[in-house]
Each structure stands twice: as structure tokens, then as C-alpha cells.
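We name chains A, B, ... by the order of the sequence lines, and we start the count at 1 in each one.
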Amino acid sequence: NAGVTQTPKFQVLKTGQSMTLQCAQDMNHEYMSWYRQDPGMGLRLIHYSVGAGITDQGEVPNGYNVSRSTTEDFPLRLLSAAPSQTSVYFCASSYSTGQASSYNSPLHFGNGTRLTVT
Amino acid sequence: KNQVEQSPQSLIILEGKNCTLQCNYTVSPFSNLRWYKQDTGRGPVSLTIMTFSENTKSNGRYTATLDADTKQSSLHITASQLSDSASYICVWGGGNKLTFGTGTQLKVEL
């Protein structure tokens, strides 16, 4: 029962570097999403996908790119890291894609990637 | 201002005691109300999801209640255990429209 797997667990980048945070799920979930968690703030949505080949922006998308070539994988790319992107990043997935049917589906979260940008 | 506010910010209780965590939301119209548990260094785990037609929902020793008129929800933990030490997050919404509270940090001590 792997669920949602995120790699790496920890990462330190220098300003301007790029990297990709990996996320994979083995539950055949259509909906996948990326959140960031900062001290004193609730989780905020970066990007989400309702199925392979379909992605959309969330609340805080600037500086991040995503793609969804398969149902299982949803990588998050930082194009040019900035200190403001220091955060804990969570990938999450759920069963349904349609707005109405997904409303009652719980999100399954990975255990996060702690990113520090110096 | 966060549209989902939780109280208290932190709480310490003795093992075996009960406690109640509060959540007030100002977003509308009502969608659904969720509670998650987040252990230190881990991702959140879903405890309950309540729709507008439900005013109480249990998951083992966890019982969530909802008053849609006053826009308040509570999470009651019965007979607390050391493993209940975690952050408890209240979430309004569904699909990609979720608003997260900042959580209540609960510590259960011997």
C-alpha cells in the first residue's frame, strides 16, 4: 500500500537553480494536486490535474510548472528557485474528477518534500 | 483574513482525557467540511468529511459536528492517546476548491 510517494524528502537549492519534485500514486486516482505548506498559513494549492494531459493553475502557481503524461505521475518543476519558495510541498490525489462527484472524495497526501532555497 | 479559523492554536491534555477543537468558517455557500490529522513530518490524513445534510460524523474516537447555521464545526476526541499528538486541520470545500485552516496543535502527555 504505497499510496502517494514523494521524492526527495529534503532538498536544498541555491537561488536560480531548477529542480523537479516527483510525485507518484498507485491508487489509479484521476485527480492529483500540489500544495505548499508555510508556517502560520493553511495549505495552498499550486497546480492540479483532473486526468492525464490536463492541468490547471491553483492559488499560487507562479514559479512552478507541472505536466501529467500518465495517470500515476505528477511532477512539479521549479524553474528558477527563489528564497520565497522555501516551504514544505505536498502532493495529493483523490478518486474523482468531476466537480460534483469529487466534492466528497478525501484527498490522499504524500509525506512531503521539505525544500530550502538559499 | 483566513476564511477558515481554528481554535485553540495549541492545546496540551493528559492521556485519557477528552478534548474539543473548534473551527469557524466564513466561506459560503456551504460545500463540505473536512477534518484532517497531520503527524509531525507527515502528510495530512483524512478523518471525516461532512456534507451539508450531515451534522455529525464519527471515525473511531473522533467525532466531528457541524452547525451550518452558525458556520461552526468541532472535532471531539474521546479518551485521548499519546498517538493523538498531531496538528488537526479543518478544511472547507471540495474538488480543487479547498480552503485550509492553519490547524490546532494538540499534544497529549502522560
Side-chain angles (χ1 to χ4, degrees), chain A residues 1-6 9-10 23 25 27 29-51 54-61 66 88-114, chain B residues 1-10 21 23-54 57 59 62 64 66 68 73 86-105:
Chain A
N1 291 338
V4 178
T5 303
Q6 291 184 239
K9 292 188 190 308
F10 302 93
C23 175
Q25 53 91 8
M27 297 173 283
H29 286 171
E30 293 178 306
Y31 181 85
M32 295 186 74
S33 54
W34 277 100
Y35 287 87
R36 61 179 288 173
Q37 187 174 40
D38 299 295
M41 302 185 72
L43 284 147
R44 292 182 292 168
L45 181 64
I46 304 171
H47 285 285
Y48 67 96
S49 168
V50 297
I54 306 169
T55 64
D56 207 345
Q57 295 181 349
E59 180 186 356
V60 289
V66 292
V88 181
Y89 291 86
F90 288 99
C91 179
S93 69
S94 69
Y95 286 109
S96 304
T97 58
Q99 283 288 323
S101 58
S102 70
Y103 264 39
N104 297 335
S105 296
L107 276 178
H108 297 260
F109 285 86
N111 284 326
T113 294
R114 184 175 292 275
Chain B
K1 179 175 174 162
N2 198 350
Q3 295 175 303
V4 176
E5 295 193 340
Q6 296 187 241
S7 63
Q9 192 171 9
S10 62
L21 314 180
C23 174
N24 294 342
Y25 60 94
T26 57
V27 283
S28 60
F30 181 76
S31 172
N32 63 40
L33 198 292
R34 306 164 180 233
W35 284 93
Y36 283 83
K37 177 187 179 189
Q38 184 175 21
D39 293 318
T40 300
R42 311 276 289 186
V45 174
S46 179
L47 292 176
T48 64
I49 300 175
M50 286 183 290
T51 65
F52 70 92
S53 61
E54 299 171 303
K57 201 151 192 181
N59 178 357
Y62 302 101
L66 174 66
S73 177
S87 177
Y88 291 85
I89 303 172
C90 175
V91 186
W92 174 96
N96 61 304
K97 306 291 186 186
L98 297 177
T99 302
F100 288 78
T102 56
T104 291
Q105 190 68 42

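- Only the side chain of B:Q38 has a heavy atom closer than 4.5 Å to any heavy atom of chain A.
- Classification of the A:Y35-B:F100 ring pair by plane angle, with boundaries at 30° and 60°, yields perpendicular.
- Here B:W35 contributes atom CH2 and B:Y88 contributes atom OH; the two are 10.5 Å apart, rounded to the nearest 0.5 Å.
- Between A:H29 and A:H108, the ring-plane angle classifies as tilted under the 30° and 60° cut-offs.
- Only the side chain of A:L45 has a heavy atom closer than 4.5 Å to any heavy atom of chain B.
- For the atom pair B:L33 CG and B:E54 CD, the distance stands at 10.5 Å (nearest 0.5 Å).
- When A:R114, A:R44, A:Q37 are compared by the number of non-hydrogen pairs under 4.5 Å with chain B, A:Q37 comes out ahead.
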